[in-house]
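Contents: one structure, followed by commentary.
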Amino acid sequence: MYGLEAINAANGWAMAYTGAIIVFSGLVVLSFVISQLNKILSFWENLISNFKKNHQSEQTDELQGEDNSVVPHRIPSDIKEAARSYSHLIEDLDQPFELTRLYAISQQKGFPHPHITISNFRQANILVPAGDGLFTWSQP
Amino acid sequence: MELFIQFLTNTGYYLADFRNVIMLFVGFIFIYLGTAKKYEPLLLVPIGFGMLVGNVPFFKGFGLGIYESNSVLHYLYFGVTTGLYPSIVFLGLGAMTDFSSLLARPKLMLLGAAAQMGIFFTLLSALALGFLPKEAASIAIIGGADGPTSIFLTAKLAPHLIGPVAIAAYSYMALIPVIQPPIMRLLTTRKERLIHMSELREVSKKELVIFPVIGMILCCFLAPASIPLLGTFFFGNFMKEGGVTERLVKTARTSIIDIATIFLGFTVGASTQGDVFLTGKSVGIFCLGAIAFSIATASGVIFAKIMNLFLKDKINPLLGAAGVSAVPGSAREVHLVAQQEDPTNYLLMHAMACNSSGVIGSAICAGILWSFLV
């Protein structure tokens with residue numbers, strides 16, 4: 001059998017166009033997927049980096065929250081309250097200590113007007129002279 | 001004296017017939033083209049020498065010939081008839097292929113799909129010429145210009161045609177510099193050949209690693225019969241891009257593919273025994289193979305021109321010719337034709353994208369044809 005008759009007998013036309021459509025559609029789908037691949041990846045990376053950022057900022061907020069409880073924005077009017085906020089700084093210092101060291105640390109931590117607060121602590125005998133220019137902390 | 005005469009009647013000189021002589025001559029031509037002209041030497045030299053070995057006349061029944069069971073050549077040929085060597089070659093090919101240009105410009109994959117149309121046109125032509133459907137499919141796959149794929153499909157559908165189909169496929173791959181440029185020039189204008197492609201974007205490592213996984217799943221789910229080829233192909237590529245199996249990749253792209261290529265070429269060459277190979281069918285296969293390859297080239301170029309009707313950022317239609325999967329021969333030829341028109345036009349990387357898509361396309365076609373005809 002030859003010619004069109006042979007093609008028809010072997011179902012050739014159907015094989016040819018079905019095969020062509022399958023291979024073409026397969027590669028079209030693959031090319032579409034790979035064209036979106038970098039977009040999907042960058043979306044995913046953004047998602048992860050945003051999640052990480054949010055997570056970090058939450059942690060920072062928590063830390064800042066802790067600091068807020070320690071570092072007042074202004075000088076507390078109550079000396080006891082001020083002493084409480086300075087107490088954790090004193091824990092880092094070996095007693096007795098020089099006032100200059102307390103001043104340096106409180107300034108470094110961002111306490112407002114530490115010289116005034118330290119002067120108030122002196123007057124209230126929270127900072128007690130221990131001789132040789134050193135002082136000890138007496139928690140009120 | 002009787003013993004001596006008996007010995008003489010068993011020698012190749014006595015047993016030779018004209019078909020062996022013709023095939024020995026063809027073998028010499030292959031070796032000459034591969035060695036002196038350096039046309040695809042890695043393929044033509046083993047095939048050519050295999051032809052010489054396969055066409056040494058011998059006394060039948062000694063278990064010497066490639067078609068005689070228990071012969072050494074028969075055992076080596078087992079890798080061809082089972083589709084083992086093509087699968088191994090695809091593993092190495094995957095480990096060598098760089099998909100970054102294809103990932104940077106995915107629309108070039110359509111040219112790889114378009115170039116497969118030669119396969120289906122040849123399927124119809126072969127049927128019309130009286131070949132059986134399985135034979136027609138084996139001949140049609142030559143249009144994919146992929147030797148291992150052609151051998152794989154023929155081994156599955158029409159094992160008696162492996163020799164002519166393989167020789168035709170590899171011959172046309174070697175003759176790319178002769179066949180493709182005239183078709184490219186005929187179907188394109190000078191203005192089109194001068195089109196410069198825009199710079200490819202940088203592809204991330206993650207894309208390169210993910211692609212073989214996605215590619216394997218999409219293609220093998222579509223045509224499961226292509227698993228032996230595409231499964232190993234994408235596996236090789238995943239190993240390459242993964243970057244954690246450096247030793248395996250190195251072996252796959254050197255020793256493994258080389259061993260498979262040597263035995264594949266040599267045994268395919270040896271399978272061209274004159275009395276088996278020189279038939280009317282072989283002539284028909286060679287003619288249809290040439291048509292398949294030419295149509296594949298033409299359909300790629302024409303499809304690129306059609307795409308340009310809709311694209312703002314035009315593509316050079318020469319790239320369509322690289323949609324056949326002759327890696328890297330057709331990509332190199334596209335680049336050279338473009339360079340002849342304008343030495344500043346570099347199309348190689350873009351053509352490699354079409355080429356690698358052609359490899360995938362022809363393997364899918366093989367899977368589809370196999371599943372149609374099993």
Side-chain angles (χ1 to χ4, degrees), chain A residues 1-68 109-110, chain B residues 99 102-114 116-117 119-134 136-137 140 201-204 206-208 210-211 214-215 217-219 221-223 226 299 303 357-358 360-369 371-373:
Chain A
M1 220 184 310
Y2 295 96
L4 292 178
E5 195 188 355
I7 295 173
N8 290 330
N11 205 16
W13 297 110
M15 272 200 292
Y17 70 67
T18 312
I21 288 169
I22 293 172
V23 70
F24 215 90
S25 54
L27 289 182
V28 166
V29 169
L30 185 58
S31 77
F32 175 74
V33 170
I34 61 174
S35 70
Q36 301 304 309
L37 194 59
N38 68 325
K39 291 174 192 166
I40 295 167
L41 277 174
S42 58
F43 172 75
W44 179 251
E45 277 162 8
N46 283 342
L47 206 69
I48 288 185
S49 67
N50 282 343
F51 175 76
K52 279 182 181 167
K53 268 183 197 168
N54 289 340
H55 189 66
Q56 278 174 347
S57 67
E58 273 173 20
Q59 281 181 332
T60 315
D61 285 349
E62 278 172 21
L63 284 172
Q64 279 176 348
E66 281 171 19
D67 284 351
N68 283 344
K109 296 278 183 187
Chain B
F99 280 112
L102 185 63
L103 288 165
R105 199 181 282 265
K107 66 169 81 102
L108 292 180
M109 187 168 258
L110 300 183
L111 298 179
Q116 307 311 317
M117 296 309 116
I119 292 176
F120 297 104
F121 183 86
T122 312
L123 175 72
L124 296 175
S125 307
L127 286 171
L129 285 175
F131 283 96
L132 296 172
K134 287 184 178 181
R201 73 170 172 87
E202 202 174 318
V203 175
S204 71
K206 280 181 187 166
E207 284 177 81
L208 289 166
I210 291 170
F211 174 71
I214 291 176
I217 289 173
L218 286 178
C219 297
F221 269 63
L222 181 70
S226 61
S299 44
F303 191 78
S357 130
I360 299 170
S362 61
I364 293 177
C365 282
I368 292 168
L369 289 172
S371 61
F372 280 169
L373 292 162

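Convention: sequence-line order gives letters A, B, ...; per-chain numbering from 1.
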Spatial distance of atom [atom1] ([X]) from atom [atom2] ([Y]) [nearest 0.5 Å]:
{"X": "B:Ser357", "Y": "B:Ile364", "atom1": "OG", "atom2": "CD1", "value": "9.0 Å"}
{"X": "B:Leu124", "Y": "B:Ile119", "atom1": "CG", "atom2": "CD1", "value": "12.5 Å"}
{"X": "A:Ser31", "Y": "A:Leu37", "atom1": "OG", "atom2": "CG", "value": "12.0 Å"}

Taking side chain as everything from C-beta outward and backbone as N, CA, C, O, which of these in [X] sits under 4.5 Å from a heavy atom of chain B? Side chain, backbone, both or neither.
{"X": "A:Met1", "answer": "backbone"}
{"X": "A:Val28", "answer": "both"}
{"X": "A:Leu41", "answer": "side chain"}

Heavy-atom distances under 4.5 Å only: say whether [X] touches chain A with side chain, backbone, both or neither.
{"X": "B:Leu108", "value": "neither"}
{"X": "B:Arg201", "value": "side chain"}
{"X": "B:Ala114", "value": "both"}
{"X": "B:Leu129", "value": "backbone"}

(request) Mind checking side-chain hydrogen bond (donor to acceptor under 3.5 Å, both in side chains) for B:Lys206 and listing every partner two or more places apart, or none if nothing turns up? (result) A:Glu45
(request) Select, from B:Phe121, B:Phe99, B:Phe211, the one with the greatest count of heavy-atom pairs under 4.5 Å involving chain A. (result) B:Phe211
(request) State, to 0.1 Å, how close A:Ile34 and B:Leu102 come at their nearest heavy-atom pair, and which atoms those are. (result) CD1-O, 4.0 Å
(request) Kindly indicate whether the side chain of A:Leu47, heavy atoms from C-beta on, has any atom under 4.5 Å from the side chain of A:Phe51. (result) no
